[in-house]
Amino acid sequence: MPRTDGRERTALVVLCAAVFLDSMDLSLMGVALPAIGRDLSLPESLLQWLMSGYAIAYGGFLLLGGRIADLFGRRRVFLLSLAVFAAASLAGGLLSDGWPLVVTRVVKGVAAALTAPAALSLITTTFAEGPSRNRALGVYALAGATGYTAGLIASGLLTEISWRLVFFLPVPVAVLVLAVAPLVLPRGLRPPGAREGFDVAGAGAVTGGVLLLVFALTERNWPAGVVAVLLLGAFVLVERRQSAPLVPLEVFGVATVRAANLSALAWACATIGWQFVAVLYLQQVLGYTALATGLGIVPMGLAIVVTANLAGRLIGRWGLGRVAATGMLVQGAGILLFLRAGAGGDYLTVLLPALVVHGIGNGLSFPSLNIAAVGGLPDERQGLASGLITSSVQIGAGIGVAALAALMTLGGSALGGYRIAFLTAGGFSLLGAVIAAYGLRPRRPAPVPTA
């Protein structure tokens, strides 16, 4: 925890609690889906949208959410979007029809897309750049990582009682955050540049493009992918001509921002894609129950917690590039260790070491990439930078899951398909390490010409 006064410390806890909820909601549905389908007689084609509806809305609206936070005030956007998140969670627990349930998940995804960049930019503008901010961002990244793991565990436990508790779980936490947040979050004025205007054309193009891209990856709908590429190309053209663009393209001229986002995309392809495959492997090959699968991943979560707490100190000593690249390499090693597991992999001697090594690498790399993505940018661009890095992770997650799911069918056998998927996930992690090592290394200042 950063060395700050009590108010800043409480503000950090509040903001991290919100991102914990956002991340937890990504994984809460997985274990509960069969129970929901049986209870409400829903087809699998509808059930999958309880997960993908949230992910598509989350990934699609992140850039827009970051800019809205910059324009209309981070504190205000954070509070309003979290209130909508809590209301949609409550409604989901009370409903008993399929498509209304999906709508609540989509609304929650949009709300999370506004909450996450607002929270991250509140942290970066509350803590000064340097060790204090690095430690705060390490805690933030830790909250997101542990939220996903906690969702897997909580989903199994709560579904044993009632799947409706999976919807209700975020409500009391969100209400508590809403009660405390107005007392500790800085009010402040809108950041400089907030009155520059709103880029409607750019917002429509990038939001539509990212939504369709994530949809195309989730559903393997290639016509939607073509339209997505066209919209994203139109977005670039629009931004070049706008006087007040949604995403100033010069942001990508900052080497660390560019490298951090590309590396984060590869990071998500590796770790989220691996998690998708590993959960299926544990259940379909090794015969684990859903609850046993969630509990089996706990050591990885603990390794992330411990390592993320040390990441800030290591960054101060080694630098962002070295820590991020080392983390990606270690994460890749943990993924590749799963190749040792066959049709009857022993947990203690085979799976546990792989999970712990993966968690250590994860805990080193993710905080480093978050810090690099927002460093060197002025306060009025922090919401944008936060939206960019979170959007990179969500898009990477969609690419990783889609790619590994497709590759699993190419192995000639079920076990062969898993091996190909694990190899590919390790390759994604290696790619991210290379990008981080070269893109995040310290730049020497250009020599000053002499007369």
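Treat the numbers as computed from the prediction; the structure is a model and nothing was measured. Below, each value reflects all heavy atoms present in this structure, side chains not excepted, and no hydrogens, waters or symmetry copies.
Looking at residues two or more places apart in sequence or on another chain, you find no side-chain hydrogen bond (donor to acceptor under 3.5 Å, both in side chains) involving Arg322. Applying the ring pair (Phe, Tyr, Trp, His ring centres under 6.0 Å) criterion to Phe428, with sequence neighbours excluded, gives no partner residue. With sequence neighbours excluded, no residue forms a side-chain hydrogen bond (donor to acceptor under 3.5 Å, both in side chains) with Tyr54.
Side-chain contact between Thr271 and His358: present, with at least one pair of heavy atoms (C-beta onward) separated by less than 4.5 Å. Using a 4.5 Å heavy-atom threshold, the side chains of Pro117 and Arg74 count as separate. Two residues are said to be in side-chain contact when any heavy atoms from C-beta on lie closer than 4.5 Å; Leu364 and Ser368 fail this criterion. With contacts defined as side-chain heavy-atom distances shorter than 4.5 Å, the pair Met24/Leu169 qualifies. Using a 4.5 Å heavy-atom threshold, the side chains of Asp22 and Tyr58 count as touching. At a threshold of 4.5 Å between non-hydrogen side-chain atoms, the residues Val393 and Leu265 do not count as touching. Within the 4.5 Å cutoff, no side-chain heavy atoms of Leu404 are placed close to those of Phe422. For the pair Thr115 and Phe78, the minimum side-chain heavy-atom distance is below 4.5 Å.
The minimum heavy-atom distance between Gly208 and Leu231, with the atom names listed, is C-CD1, 3.7 Å. For Gly432 against Ser263, the heavy-atom pair with the smallest separation is O-OG, 2.9 Å. Across every non-hydrogen atom of Ala260 and Ala372, the tightest pair is CB-CB, 3.8 Å. Summarising the geometry of Leu40 relative to Arg164, their closest heavy-atom pair is CD2-NH2, 4.5 Å, with the distance given to 0.1 Å. Closest approach of Ala324 and Ser365 over heavy atoms only: O-CB, 3.9 Å. In terms of heavy-atom proximity, Val171 sits nearest to Ala86 at CG2-O, 3.8 Å.
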Ile36 and Phe167: CA distance, side-chain angles, deciding distance, side chain to side chain contact (heavy atoms under 4.5 Å, CB included) verdict: CA-CA 11 Å; Ile36 296 172; Phe167 285 87; 4.0 Å; yes
Run the numbers on Leu120 and Val19 for side chain to side chain contact (heavy atoms under 4.5 Å, CB included), then give the verdict. CA-CA 9 Å; Leu120 185 52; Val19 76; over 6 Å; no
How far apart are the C-alpha atoms of Leu90 and Phe168, what are their side-chain angles, what is the distance that settles it, and do they pass the side chain to side chain contact (heavy atoms under 4.5 Å, CB included) test? CA-CA 6 Å; Leu90 180 61; Phe168 289 140; 3.8 Å; yes
Please evaluate residues Leu431 and Ile435 with respect to the criterion side chain to side chain contact (heavy atoms under 4.5 Å, CB included), reporting the C-alpha separation (whole Å), side-chain torsions for both, the decisive distance (0.1 Å), and the verdict. CA-CA 6 Å; Leu431 175 62; Ile435 296 171; 4.1 Å; yes
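Here the side chain of Ser121 pairs a donor or acceptor atom with the backbone of Ala118 at under 3.5 angstrom. Not a single donor-acceptor pair under 3.5 Å links the side chain of Thr256 to the backbone N or O of Leu440. Using modelled atom types, no side-chain atom of Asp97 and backbone atom of Pro100 make a donor-acceptor pair closer than 3.5 Å.
Leu369 contributes atom CG, which lies 10.0 Å from atom OG of Ser392 (distance to the nearest 0.5 angstrom). Atoms CG and OH, on Leu423 and Tyr418 in that order, are 15.0 Å from each other to the nearest 0.5 Å. To the nearest 0.5 angstrom, Leu314 atom CG is 9.0 Å from Thr326 atom OG1. For the atom pair CG of Leu185 and CG of Leu15, the computed distance is 5.0 Å after rounding to the nearest 0.5 Å. Distance check: Ile420 CD1 to Leu407 CG gives 7.0 Å after rounding to the nearest 0.5 Å. The CG atom of Leu114 sits 9.0 Å away from atom CG of Leu80, with the distance rounded to the nearest 0.5 Å.
Applying the salt bridge (charged side-chain N to carboxylate O under 4.0 Å, His left out) definition to pairs two or more places apart or across chains, those involving residues 101-126 are Asp25-Arg105, Asp25-Lys108. Sorted pairs that involve residues 285-329 and meet ring pair (Phe, Tyr, Trp, His ring centres under 6.0 Å), not counting sequence neighbours, are lacking altogether.
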Show the atom names and distances, to 0.1 Å, of all donor-acceptor pairs under 3.5 Å that link a side chain in residues 328-356 to residues at least two apart or in another chain.
| residue | atom | partner | partner atom | Å |
| --- | --- | --- | --- | --- |
| Gln331 | OE1 | Trp267 | NE1 | 3.0 |
| Gln331 | NE2 | Ser429 | OG | 3.2 |
| Arg340 | NH1 | Thr349 | O | 3.4 |
| Asp346 | OD2 | Leu348 | N | 3.3 |
| Asp346 | OD2 | Thr349 | N | 3.0 |
| Asp346 | OD2 | Thr349 | OG1 | 2.8 |
| Tyr347 | OH | Gly296 | O | 2.7 |

